Participant: 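Structure in structure tokens, see below.
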2 protein chains.
Amino acid sequence: MALRDELKKRGPFDSIEQEVGLSIMRTSDLIENRIARLLREHGLTMSQYNVLRILRGEGKPMPCLEVADRMIQVAPAITRVVDQLLKAKLIVKTQSESDRRVFLIELTPAAKRTLKAVDGPLLDLHAALMANVPKKSLKLLIEILEQTRDGIGE
Amino acid sequence: MALRDELKKRGPFDSIEQEVGLSIMRTSDLIENRIARLLREHGLTMSQYNVLRILRGEGKPMPCLEVADRMIQVAPAITRVVDQLLKAKLIVKTQSESDRRVFLIELTPAAKRTLKAVDGPLLDLHAALMANVPKKSLKLLIEILEQTRDGIGE
DNA sequence: CGCACTTACTTTACATGTAAACCATTCGGA
DNA sequence: TCCGAATGGTTTACATGTAAAGTAAGTGCG
């Protein structure tokens, strides 16, 4: 369905650029909702999952802010997510000995199990979300979006 | 820059579908941030602006939930935004006489002035955000994203 | 007529994002 | 060596999104 109808918008868009912007944001929203719902079934929120995923990718303890940096998130947000994950016993936090300002976080075995349980369904979900779009369009989409982001960079 | 580098991701993506999903979400985020910043200069948040914009589009008083519906937002969120806009004297709220459950909201002259002041800069911003992308790609983007959304619909 | 059901909102509780101010620790340089 | 600046985090305050429960006011049907 055309975006204009989805949004029950009366008039036409003011410009094609505006329509593209809204289109990207709307599509993103739909995808996020679906992913969030899947993760919720496993007791995780998006940002909690992201922290765990980054820690797994790294494979060893990481400073909080470095995790935040990879999520392109601001510091206060990480502090809270880390607190939640600590409470859920999905990570452990230790003070670095070489620099006592630094706190390192690390996955617990329980977190690793949870991640493993999420892997398959999440991959399936991504595939399902894009099932309607031919591979060729997907490649094109990646290219155009990358080009778009390059033009936005602050 | 490739998404993988932007996210400082170590390994490759697990699938092209996943990469597209992340790419859409990341691009959306960048756009939203820029728009939010512009609106903030005019004392508005995204959702406040959206409410005002919808009211202007309608041109006459509207029930709260109908506004929420067009924003694809859930009821509680609207209640709060409406409260803020009331406090900022950008809308007025009256109880419908025909159905006393319904509360109608309407723009104040101040809101109309604010909207008018935002129109130009916002249109310029949308154009600037997409300046890097050829018109043809924009049209393609709209098509592919629409196709994507059609495949997601719940 | 009267009671169950729906509708239009509001309230509360929780997760998240942003900005600004605040600690503690470390670093760099006079 | 001592002090101010930079760094790693936390806290607070505010806007937003979601879910769930509650309230007030219509609607429908026996």
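Remember, it's a predicted structure, so these values are computed and weren't measured experimentally.
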Participant: Tell me: CE of B:Met71 to P of D:dG17, nearest whole Å?
Facilitator: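 From B:Met71 CE to D:dG17 P: 6 Å.
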Participant: To the nearest angstrom, how far is A:Glu32 atom CD from D:dT18 atom P?
Facilitator: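 Atom-to-atom, A:Glu32 to D:dT18, this comes out as 11 Å.
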Participant: Consider only side-chain N and O atoms of B:Arg149 and A:Ser23, and report whether a donor and an acceptor are under 3.5 Å apart.
Facilitator: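 There is such a pair (donor and acceptor under 3.5 Å, judged by atom type) between the side chains of B:Arg149 and A:Ser23.
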Participant: Please list residues of residues 55-65 of chain A whose heavy atoms come under 4.0 Å from any atom in DNA chain C, ordered by number; otherwise none.
Facilitator: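 Within this stretch, nothing sits under 4.0 Å of the strand.
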Participant: If a pair satisfies side-chain hydrogen bond (donor to acceptor under 3.5 Å, both in side chains) and one of its residues is in residues 109-119 of chain B, list it, with sequence neighbours excluded.
Facilitator: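 Qualifying pairs: B:Arg56-B:Asp119.
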Participant: Among all residues two or more places apart in sequence or in another chain, which pass the salt bridge (Lys or Arg N to Asp or Glu O under 4.0 Å) test with A:Asp150?
Facilitator: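 Counting only residues at least two positions away or on another chain, A:Asp150 forms no salt bridge (Lys or Arg N to Asp or Glu O under 4.0 Å).
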Participant: Quick one: A:Glu66 CD to D:dG8 P, roughly how many Å, whole number?
Facilitator: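 Going from CD in A:Glu66 over to P in D:dG8 covers 10 Å.
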Participant: How long is the line joining CZ of B:Phe103 and P of C:dT7, in whole Å?
Facilitator: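 Whole-Å distance recorded here is 18 Å.
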Participant: Mind calculating the distance between CG (A:Asn33) and P (D:dA19) to the nearest angstrom?
Facilitator: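 Atom-to-atom, A:Asn33 to D:dA19, this comes out as 8 Å.
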Participant: Rounded to the nearest Å, what distance is computed from the CG atom of residue B:Leu39 to the P atom of nucleotide C:dT18?
Facilitator: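 Value for this atom pair: 16 Å.
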Participant: Which pairs with one or both residues in residues 85-96 of chain B pass side-chain hydrogen bond (donor to acceptor under 3.5 Å, both in side chains), sequence neighbours excluded?
Facilitator: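 Residue pairs passing side-chain hydrogen bond (donor to acceptor under 3.5 Å, both in side chains), neighbours aside: B:Ser96-B:Ser98.
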Participant: By side-chain contact (heavy atoms from CB on, under 4.5 Å), which residues pair with B:Ile142, not counting sequence neighbours?
Facilitator: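 For B:Ile142, the residues satisfying side-chain contact (heavy atoms from CB on, under 4.5 Å) (neighbours in sequence not counted) are A:Ile16, A:Glu19, A:Val20.
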Participant: Distances under 3.5 Å between protein N/O atoms and the N/O atoms of nucleotides 14-16 of chain C, please, pair by pair.
Facilitator:
from	atom 1	to	atom 2	distance (Å)
C:dT16	OP1	A:Thr45	OG1	2.5
C:dT16	OP1	A:Ser47	OG	2.2
C:dT16	OP2	A:Gln84	OE1	2.8
C:dT16	OP2	A:Gln84	NE2	2.8

Participant: Does a side-chain N or O from B:Lys93 land closer than 4.0 Å to OP1 or OP2 of C:dT10, or not?
Facilitator: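 Checking B:Lys93 against C:dT10: at least one side-chain N or O falls below 4.0 Å of OP1 or OP2.
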Participant: Please state how far atom CZ in B:Arg37 lies from atom C1' in C:dA19, giving the value in whole angstrom units.
Facilitator: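 About 13 Å, once rounded to whole Å.
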Participant: What residues, two or more places apart in sequence or in another chain, satisfy salt bridge (Lys or Arg N to Asp or Glu O under 4.0 Å) together with B:Arg101?
Facilitator: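 Testing B:Arg101 for salt bridge (Lys or Arg N to Asp or Glu O under 4.0 Å), a comparison that skips the adjacent residues, returns B:Asp99.
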Participant: Give me the other members of the hydrophobic cluster that B:Val102 sits in, counting Ile, Leu, Val, Met, Phe, Trp and Tyr linked by side-chain heavy atoms under 4.5 Å, directly or via other members.
Facilitator: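 Listed partners: B:Leu104.
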Participant: Can you run down the salt bridge (charged side-chain N to carboxylate O under 4.0 Å, His left out) pairs that involve residues 68-85 of chain B, sequence neighbours left out, and say none if there aren't any?
Facilitator: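 Sorted pair list: A:Lys8-B:Asp69, B:Glu58-B:Arg70, B:Glu66-B:Arg70.
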Participant: Going by side-chain hydrogen bond (donor to acceptor under 3.5 Å, both in side chains), name the pairs with one or both residues in residues 42-54 of chain B, residues two or more places apart or in two chains.
Facilitator: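 Pairs touching residues 42-54 of chain B that pass the test: B:Gln48-B:Gln84, B:Asn50-B:Arg53.
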Participant: Enumerate donor-acceptor pairs with a distance under 3.5 Å from any side-chain N or O in residues 122-139 of chain B to protein atoms, sequence neighbours excluded.
Facilitator:
from	atom 1	to	atom 2	distance (Å)
B:Asn132	ND2	A:Gln147	O	3.0
B:Lys135	NZ	A:Glu17	OE2	3.1

Participant: Write down the distance between CD1 (A:Ile72) and C1' (C:dG17), rounded to a whole number of angstrom.
Facilitator: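 Answer to the nearest Å: 13 Å.
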Participant: Quick one: on DNA chain C, does B:Arg40 or B:Ile78 contact a more 5' nucleotide (nearest heavy atom)?
Facilitator: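 Final value for this comparison: B:Ile78.
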Participant: Does B:Val82 or A:Pro76 map to a spot on DNA chain C nearer the 5' end, using the closest nucleotide for each?
Facilitator: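 The answer here is B:Val82.
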Participant: Indicate for each nucleotide in nucleotides 1-6 of chain D, in 5' to 3' sequence, whether protein heavy atoms under 4.0 Å reach the base (B), only the sugar-phosphate (S), or nothing (-).
Facilitator: -----B
Participant: With rounding to the nearest 0.5 angstrom, report the CE to CD1 distance, A:Met46 to A:Ile35.
Facilitator: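 The distance works out to 5.0 Å.
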